[in-house]
Colleague: 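Have a look at this one before I ask anything.
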Amino acid sequence: MDYALIWAILIAVAVFAYVALDGFDLGVAMLFPWFKKEEDRDIMMNTVAPVWDGNETWLVLGGGGLLAVFPLAYAVLMPALYMPVIAMLLGLIFRGVAFEYRFKTKTSKHLWDLSFILGSLVAALSQGIMLGAMLQGIKVVDRSYAGGWFDWLSWFSVFCGVAVVIGYALLGSTWLVMKTEGQLQQKSYQLAFRFALGLVACIAFVSLYLPWRDAAIADRWFSFPASLWLWILPVVLGLVTFGLLHALKKQRHVSPYLWSLGLFLVAFLGFAVSIFPYLVPRAITLWEAAAPDNSLIFLLVGAVILLPIIFAYTGYTYWVFRGKTRADAGYHD
């Protein structure tokens with residue numbers, strides 16, 4: 001049995017679960033500048049307050065799993081991405097503190113609003129920059145990081161950071177469509193439409209740029225007829241985009257958020273196909289990075305026990321706090 005491949009799939013699931021769940025509450029924070037009324041901002045925070053901390057479980061699982069299961073990849077990626085990782089963690093800390101202090105203060109609420117916005121923006125931007133740095137390639141010599149302190153910083157990594165910010169803003173706006181009513185919901189529809197178009201444009205650009213820049217990726221996508229089955233993904237991307245825009249135009253409540261997740265999933269699968277089987281693109285494969293099979297089996301037993309508990313807890317939390325969030329039903333009351 002290929003335990004390394006199984007663990008690669010599990011970590012990919014954890015990463016996507018983090019993006020799907022924590023992405024919308026980062027997005028809600030980044031939408032604050034479009035909503036000036038304190039009552040609107042209270043409702044926006046209350047839509048995510050019951051679940052935001054549980055969402056970050058998946059970040060811990062993905063990062064911790066990478067260290068335990070693919071230690072070589074972790075040892076290479078961390079030195080290459082120290083600065084954006086630290087920036088992300090600081091952003092998440094400021095965002096978390098803002099959740100609690102904003103509802104307690106009477107005189108400096110605007111400062112905690114700013115902390116909420118900037119913390120979430122820095123976290124989202126850092127995640128996108130890390131993605132871009134990985135996709136553009138990381139210098140590895142003798143199984144060690146061989147690049148400089150700022151190799152992660154390039155126009156492409158910054159572009160990917162902006163793309164993730166736009167994507168999270170889309171998730172946040174469609175989440176608000178699902179959880180709110182009235183004027184706040186109507187404005188969220190308008191914002192979601194704009195961010196949807198922006199995200200699709202970013203995905204299209206990266207999908208064209210990567211094959212142009214990397215001959216191996218171009219060969220994977222354009223070696224006909226072997227690559228024909230991969231073109232299912234662009235077709236699905238087009239269908240999902242149409243479904244999202246149609247749902248927003250018809251002012252559906254739940255389906256826009258689900259269609260937005262579909263955009264992320266198709267992009268996630270496309271980029272995974274482009275770099276497979278590498279964990280560090282063009283340098284270290286998942287089998288080269290994997291821990292010994294005995295360790296993988298031992299950890300897999302724990303994962304089989306732990307993952308259903310996490311899924312059950314997460315599902316129960318969202319079930320308890322389902323439905324619309326109203327101004328008179330504050331989570332912090």
Colleague: When you compare the side chain of Asp293 with that of Leu296, does any pair of heavy atoms fall below 4.5 Å?
Modeller: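 Answer yes - side chains close enough.
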Colleague: Apply side chain to side chain contact (heavy atoms under 4.5 Å, CB included) to the pair Tyr74 and Val69, showing each step before the final yes or no.
Modeller: CA-CA 9 Å; Tyr74 186 91; Val69 179; over 6 Å; no
Colleague: Which atom pair, heavy atoms only, marks the closest approach of Pro308 to Ala303?
Modeller: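 Closest approach of Pro308 to Ala303, heavy atoms only: CD-O, 3.9 Å.
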Colleague: Could you measure the distance from the CG atom of Leu258 to the CG atom of Leu265? Nearest 0.5 Å is fine.
Modeller: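 So the gap between those two atoms works out to 12.0 Å.
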Colleague: Of all the heavy-atom pairs spanning Leu125 and Gly161, show the shortest one and how long it is.
Modeller: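 Shortest heavy-atom separation between Leu125 and Gly161 comes out as CD1-C, 3.5 Å.
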Colleague: Can you check whether Gln127 reaches Tyr18 side chain to side chain, under 4.5 Å on heavy atoms?
Modeller: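 Yes. Closest side-chain heavy atoms under 4.5 Å.
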Colleague: Only counting residues at least two apart or in another chain, list the ones meeting side chain to side chain contact (heavy atoms under 4.5 Å, CB included) with Ala283.
Modeller: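 Side chain to side chain contact (heavy atoms under 4.5 Å, CB included) list for Ala283, sorted by chain: Val140, Val280.
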Colleague: Please say yes or no: joined through hydrophobic side-chain contacts below 4.5 Å, possibly via intermediate residues, are Phe70 and Leu306 part of one cluster?
Modeller: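 Yes, because Phe70 and Leu306 connect within a single hydrophobic cluster, where side-chain heavy atoms sit under 4.5 Å apart.
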Colleague: Going hydrophobic residue to hydrophobic residue with side-chain gaps under 4.5 angstrom, can you get from Trp212 over to Leu210?
Modeller: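 Yes, Trp212 connects to Leu210 through the hydrophobic network.
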Colleague: Let me see the working for Ile284 and Leu279 under side chain to side chain contact (heavy atoms under 4.5 Å, CB included), right down to the final yes or no.
Modeller: CA-CA 6 Å; Ile284 299 174; Leu279 283 181; 5.5 Å; no
Colleague: For Trp231 together with Phe222, are the ring centres under 6.0 Å from each other?
Modeller: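 Judged by ring-centre distance (under 6.0 Å), Phe222 and Trp231 do meet the cut-off.
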Colleague: Could you report the tightest heavy-atom contact between Ala247 and Trp259, atom names first, then the distance?
Modeller: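 That would be CB-CD1, 3.9 Å.
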Colleague: Would you say that Val254 contacts Val177 through its side chain, given a criterion of any heavy-atom pair below 4.5 Å between the two side chains?
Modeller: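 Side-chain contact under 4.5 Å: no.
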Colleague: Is the shortest heavy-atom distance from the side chain of Gln183 to the side chain of Asp40 under 4.5 Å?
Modeller: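 Gln183 reaches Asp40 side chain to side chain.
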Colleague: Between CG of Leu248 and OG of Ser188, what distance do you get to the nearest 0.5 Å?
Modeller: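 Between atom CG of Leu248 and atom OG of Ser188 there are 10.5 Å.
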Colleague: Where do Cys202 and Val162 land on the side chain to side chain contact (heavy atoms under 4.5 Å, CB included) test, with the steps shown first?
Modeller: CA-CA 9 Å; Cys202 290; Val162 173; 5.8 Å; no
Colleague: Got a donor-acceptor contact below 3.5 angstrom from the Glu288 side chain to the Thr285 backbone?
Modeller: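 Flag set: sc Glu288 to bb Thr285 pair under 3.5 Å.
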Colleague: What's the spacing between Leu184 CG and Glu39 CD if we round to 0.5 Å?
Modeller: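 So the CG of Leu184 and the CD of Glu39 are separated by 9.0 Å.
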Colleague: Return the set of residues passing ring-ring contact (aromatic ring centres under 6.0 Å, His included) with Phe16 (not counting sequence neighbours), or none when no residue passes.
Modeller: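 ring-ring contact (aromatic ring centres under 6.0 Å, His included) check on Phe16 returns Phe268.
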Colleague: Kindly indicate, with the supporting measurements, whether the criterion ring-ring contact (aromatic ring centres under 6.0 Å, His included) is fulfilled by Phe195 and Trp34.
Modeller: CA-CA 13 Å; Phe195 288 127; Trp34 282 274; 5.8 Å; yes
Colleague: Checking Thr180 against Lys324 for the side chain to side chain contact (heavy atoms under 4.5 Å, CB included) test, could you report, in this order, the C-alpha distance in whole Å, the side-chain angles of both residues, the deciding distance, and whether it holds?
Modeller: CA-CA 5 Å; Thr180 63; Lys324 298 292 185 179; 5.8 Å; no
Colleague: Rounded to the nearest 0.5 Å, how far does OG of Ser173 lie from CD of Gln190?
Modeller: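 Answer rounded to 0.5 Å: 11.0 Å.
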Colleague: Is Arg220 reaching over with its side chain to a backbone N or O of Ile217, donor-acceptor style, under 3.5 angstrom?
Modeller: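 Checked: no pair found.
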Colleague: What's the spacing between Leu26 CG and Met88 CE if we round to 0.5 Å?
Modeller: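 Atom-to-atom, Leu26:CG and Met88:CE are 10.0 Å apart.
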Colleague: Quick one: does any side-chain atom of Ser115 pair with a main-chain N or O of Phe94 as donor and acceptor, under 3.5 Å?
Modeller: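 Judged by distance alone, yes, a pair lies under 3.5 Å.
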Colleague: Using modelled atom types only, decide if a donor and an acceptor are shared between the side chain of Arg95 and the backbone of Ile117 within a distance under 3.5 Å.
Modeller: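 A pair under 3.5 Å: no.
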Colleague: Could you see if Val273 belongs to whatever hydrophobic cluster contains Leu237? Use Ile, Leu, Val, Met, Phe, Trp, Tyr and a side-chain cutoff under 4.5 Å.
Modeller: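 Result: yes, single cluster for both.
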Colleague: Flag the pair Cys160 / Ile129 as yes when at least one side-chain heavy-atom distance between them is below 4.5 Å, and no otherwise.
Modeller: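 Side chain of Cys160 against side chain of Ile129, heavy atoms only: no contact under 4.5 Å found.
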Colleague: Quick check against the 3.5 Å criterion: does Asp142 have a side-chain atom that pairs as donor or acceptor with the backbone of Ser144?
Modeller: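 No.
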Colleague: How close do Leu230 and Trp221 get, heavy atom to heavy atom, and via which atoms?
Modeller: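 Looking at all heavy atoms of both residues, the closest pair is O-CZ3, 3.4 Å.
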Colleague: Donor-acceptor pair, Asn46 side chain versus Asp42 backbone, under 3.5 Å?
Modeller: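 Pair found, side chain donor or acceptor close to backbone of Asp42.
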Colleague: Is a donor from one side chain sitting under 3.5 angstrom from an acceptor on the other, for Trp175 and Asp25?
Modeller: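 No pair is found: no donor N or O on one side chain lies under 3.5 Å from an acceptor on the other.
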Colleague: Indicate whether the side chain of Gln251 and that of Gln186 have a donor and an acceptor atom separated by less than 3.5 Å.
Modeller: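 Gln251 vs Gln186: donor-acceptor pair found between side chains.
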Colleague: Please check if the side chain of Thr174 supplies one atom and the backbone of Leu171 the other of a donor-acceptor pair under 3.5 Å.
Modeller: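 Flag set: sc Thr174 to bb Leu171 pair under 3.5 Å.
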Colleague: Which other residues belong to the hydrophobic cluster containing Val122, where Ile, Leu, Val, Met, Phe, Trp and Tyr are joined when side-chain heavy atoms lie under 4.5 Å apart, directly or via other members?
Modeller: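 Its cluster partners, ordered by chain and number, are none at all.
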Colleague: Please enumerate all residues that pass ring-ring contact (aromatic ring centres under 6.0 Å, His included) together with His246, with sequence neighbours excluded.
Modeller: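 Scan of His246 (ring-ring contact (aromatic ring centres under 6.0 Å, His included), adjacent residues dropped) gives Phe242.
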Colleague: Provide the full list of ring-ring contact (aromatic ring centres under 6.0 Å, His included) pairs with a residue in residues 133-174, sequence neighbours left out, each pair given once.
Modeller: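 Every ring-ring contact (aromatic ring centres under 6.0 Å, His included) pair that includes a residue of residues 133-174, provided the two are not neighbours, is Trp155-Tyr209, Phe156-Tyr209, Phe159-Phe205.
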Colleague: Answer yes if the side chains of Gln136 and Ser157 hold a donor-acceptor pair under 3.5 Å, and no otherwise.
Modeller: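 There is no such pair between these side chains.
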Colleague: What's the spacing between Leu286 CG and Leu72 CG if we round to 0.5 Å?
Modeller: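 It comes to 11.5 Å.
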Colleague: State whether the number of non-hydrogen atoms from other residues, nucleotides or ligands found under 6.0 Å of Phe276 atom CZ is greater than 12.
Modeller: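 Count over threshold, so yes.
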Colleague: Leu77, Val141: one ILVMFWY side-chain cluster at the under-4.5 Å cut-off?
Modeller: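 Different clusters.
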Colleague: Closest approach of Ser260 and Leu170, non-hydrogen atoms and distance?
Modeller: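 For Ser260 versus Leu170, the nearest heavy atoms are OG-CG, 3.6 Å.
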Colleague: Is there a donor-acceptor contact under 3.5 Å from the side chain of Arg41 to the main chain of Asp113?
Modeller: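 No; zero donor-acceptor contacts below 3.5 Å.
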Colleague: Tell me if a side-chain donor or acceptor on Lys179 pairs with a main-chain N or O of Gly323 at a distance below 3.5 Å.
Modeller: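 It does hold such a pair.
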Colleague: At their closest point, which heavy atom of Pro84 faces which heavy atom of Ser126, and how far apart are they?
Modeller: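 The answer is O-CB, 3.3 Å.
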Colleague: Let me check something: do Tyr318 and Met178 share a hydrophobic cluster, defined by ILVMFWY side-chain heavy atoms less than 4.5 Å apart, either directly or through other members?
Modeller: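 The answer is yes; both residues are in one hydrophobic cluster.
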Colleague: For Trp7, check side-chain hydrogen bond (donor to acceptor under 3.5 Å, both in side chains) against everything at least two apart and list the hits.
Modeller: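 Result, side-chain hydrogen bond (donor to acceptor under 3.5 Å, both in side chains) vs Trp7: none returned.
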Colleague: Any sub-3.5 Å donor-acceptor pair from Thr314's side-chain atoms to Phe311's backbone N or O?
Modeller: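 Not a single qualifying donor-acceptor pair exists.
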Colleague: With side chains defined as the heavy atoms from C-beta onward, is the minimum distance between Val13 and Leu307 less than 4.5 Å?
Modeller: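 No - every pair of side-chain heavy atoms lies 4.5 Å or more apart.
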